[in-house]
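Here's the structure we're looking at; comments come further down.
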Number of protein chains: 2
Amino acid sequence: MSAKVTIAEVAKRAGVSTMTVSRVLNNTGPVKKETAERIRAIIAELNYQPNLVARSLSSKRSMMIGIIINRVKKVFFDNYIGQIGSGITDIVQERGYRVMFFPVETDREKTSAYLDIVRSHVIDGLIILRSKTDNPHIQMLADNEVPFMLVNHKKYKKNYNFIDTENIEGTKTAMRHLYTNGHRKIAFFAGSMDETNSIDRLKAYHTAVKELRLVVNEEWVRYAEFDKQKAFEEAGKLLQCTNRPTAILASDDYMAIGAMERLQKEGLRVPQDMAVIGFDDVELASYVKPSLTTIRQPLTELGRVAAENLLNMIAGTQKSPVHKFLKLELVKRNSG
Amino acid sequence: MSAKVTIAEVAKRAGVSTMTVSRVLNNTGPVKKETAERIRAIIAELNYQPNLVARSLSSKRSMMIGIIINRVKKVFFDNYIGQIGSGITDIVQERGYRVMFFPVETDREKTSAYLDIVRSHVIDGLIILRSKTDNPHIQMLADNEVPFMLVNHKKYKKNYNFIDTENIEGTKTAMRHLYTNGHRKIAFFAGSMDETNSIDRLKAYHTAVKELRLVVNEEWVRYAEFDKQKAFEEAGKLLQCTNRPTAILASDDYMAIGAMERLQKEGLRVPQDMAVIGFDDVELASYVKPSLTTIRQPLTELGRVAAENLLNMIAGTQKSPVHKFLKLELVKRNSG
DNA sequence: TTGAAAGCGCTAACAT
DNA sequence: ATGTTAGCGCTTTCAA
């Protein structure tokens, strides 16, 4: 890499110490106007750029925010992440930070996984999307007092910060909607049971079943791990039940869509023969036929709020713990 | 951040110098077996993790690969990026590197934009998706001898490396397909004209028009900048033409879908009244109604090849320039 | 308003 | 097989 200009070089040419240059660079401490201008001119002339790594090592801050994405699916950047990531990025950049997205494989062995990038000050704070409940890294982050925010995850611990949605209420809303439409036998497609969202939604399903005095059938609860293909398969099994439900509520849109595909493949009409409702409102939801009725999560907003709180915690203007919930909204379309 | 264990601490406890610990850490140079084991035990006991930033500063490598995503759309992580990113990530992790995704705003002012992260050794190499032709940063990377690969971009310069697809052939294939289906009046929706892909596809459209001796009409070429909404609007204008085409070839799927939505909104049937063909084969393409016929780009493979070549260049086993093209494939569905 | 010294935590290069 | 020295490029701290 040619022509590496360092702060020392700039200082030398300006006839000042590196500290003065540093002050100009960071707007820290007083510098005489003319000196500052001279230095700025030289910086421009030499096209000098501070070495971020050296700066991080020395100052222990990087002005970077990391976004951890649990890489479970093959194509992990889906519209769910796209919407949340967009919200985060907006806020973070507004406040002069940069964002970096880290896909990480969920191996429970490498305990270091992403503690090291924070400890090393590669990034100043972390936003973690849809963490697993048994993720050991989170506790390490907390123990190390690393600023972090969990998105779409819930854990009431005083050094855990999260922003989640009102899953219980949302699930009930969906159930009541189906009930109103005449459904009394409702199946539920659960996501990964190691995510609090899944757990909450499943629990709420059971509660709603009781509250609405619905028929209960264990076979109607299918586990598909937020995976479209798995939902496709589980829907097949569901159709084998002697006592067939008339509606499906799925824990996310991708599962709803997978299930719907299977139903249609087997010749059923949606929603006439079986209604289907999803969760999230990803881009695909409005494109499938019939378009998907779903419980909309305000994903972009989720990202924005997470970013705001994280940055405030880093700045020290917000104290831990942050435990927030955003509202959900039923989006009525044509699938149920 | 509590209990910061450094290499010095490990060395002290092991009764050796930091260099010996460093050697154990990096498998560099010889260390007596027992010493190594003792050191490893202490590392485990103290839960020591090397400081990545200090390591980067000293060694000038970070074992990280950056992926630059031009942030033009609001939700920038779409399925196009998802597929490419997935391919990249697979290869990069296989080879012991990590990946980080950087969304960057396309402001031409900040010339530093992403040169600084490489110069600073935050990352060892860069993959850039769909760069603009007038992107000044690329030349800076080249001038600074930064290892980089452009994906879905073409530029024959000896210090530019790219992996692209055979856009010309692909476009012609699509045109011939429409021709075979009886179409003689074919419209074209061009993407952003500051991307080589768009330029190539538009050029190929014109060539095909000539080769197939088709009717020519300037109004049939619409510019929609890879934007679904813009395509929606342009399709409206297209319908105003006195001499209306019978088919649309779009430079990417999102535009094709936007156009299709408008046609359907105006009461036209696709493909009977107007055929529509896209480019890419993103996830949405198979979900829209009618499902989208498209020229499939091997997106995941594109990512894999980009990553392989980049890592080889970093390792010194691959020389610049790398100029590669992957084949395209017509995916026949129901829209044309 | 400016500078000098020290050090962030690690590894390269050269000893031994 | 191991250690010493120096330094990566910056900022912190203290002094002037």
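A note on names: the letters A, B, ... follow the listed sequences, proteins ahead of strands, and every chain is numbered from 1.
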- Query: Just how far, in rounded Å, is P of C:dC10 from NE2 of A:H121?
  - Reply: 11 Å

- Which residue lies more 5' along DNA chain D, comparing A:T28 with A:A54 via nearest heavy atoms: A:A54

- Check the distance between C:dC8's P and A:R61's CZ and give it to me in whole angstrom. 19 Å

- Message: Please determine whether a side-chain nitrogen or oxygen atom of B:T20 lies at a distance below 4.0 Å from atom OP1 or OP2 of D:dG3.
- Response: yes

- Check whether any side-chain heavy atom of A:R95 lies under 4.5 Å from a side-chain heavy atom of A:I314, and answer yes or no. no

- Task: Find the distance A:L57:CG to C:dG7:P and express it as a whole number of Å.
- Result: 14 Å

- Rounded to whole angstrom units, what separation is found between the CG atom of A:D116 and the P atom of C:dC10? 12 Å

- Message: Please pick, from D:dG9, C:dC10, D:dC10, the nucleotide with the shortest atom-to-atom distance to any side-chain atom of A:I7.
- Response: D:dC10

- Message: Just checking B:K74: does its NZ atom have more than 12 heavy atoms from other residues, nucleotides or ligands closer to it than 6.0 angstrom?
- Response: yes

- Item | A:S59 vs C:dC8: side-chain N/O to OP1/OP2 distance below 4.0 Å | no

- B:R55, nearest nucleotide to its side chain (from D:dC10, C:dT11, C:dG3): C:dT11

- Under a 4.5 Å cut-off applied to non-hydrogen side-chain atoms, are A:V72 and A:K132 in contact? yes

- Message: Heavy-atom nearest nucleotide on DNA chain C for B:V53 versus B:M19: which residue maps closer to 5'?
- Response: B:V53

- Residue-phosphate contact under 4.0 Å: B:S17 side-chain N/O, D:dG3 OP1/OP2: yes

- Nucleotide C:dT1, atom P - distance to NZ of A:K33 in whole Å: 12 Å

- Ignoring the backbone of A:S22, work out which of C:dT2, D:dT11, C:dT11 is nearest its side chain. D:dT11

- Given atom OH of B:Y48 and atom C1' of C:dG9, what is their separation to the nearest angstrom? 7 Å

- Distance under 6.0 Å and angle within 45° of ring axis: A:R130 vs A:Y80: yes

- Message: Can you tell me if B:T35 touches the phosphate of D:dA1, counting only side-chain N or O atoms and a distance under 4.0 Å to OP1 or OP2?
- Response: no

- Would one find a side-chain N or O of A:N26 under 4.0 angstrom from OP1 or OP2 of D:dT11? yes

- Task: Name the nucleic acid region contacted by B:V16, choosing base, sugar-phosphate or nothing; use a 4.0 angstrom heavy-atom cut-off, strictly under.
- Result: sugar-phosphate

- Among C:dG9, D:dT2, C:dG3, which nucleotide sits nearest the side chain of A:R23? C:dG3

- Steps toward ring-ring contact (aromatic ring centres under 6.0 Å, His included) verdict (B:F101, A:F101): CA-CA 5 Å; B:F101 292 75; A:F101 291 76; 7.2 Å; no

- Send over the distance from B:R38 CZ to D:dA1 P, rounded to a whole Å. 14 Å

- Find the distance B:E37:CD to D:dA1:C1' and express it as a whole number of Å. 15 Å

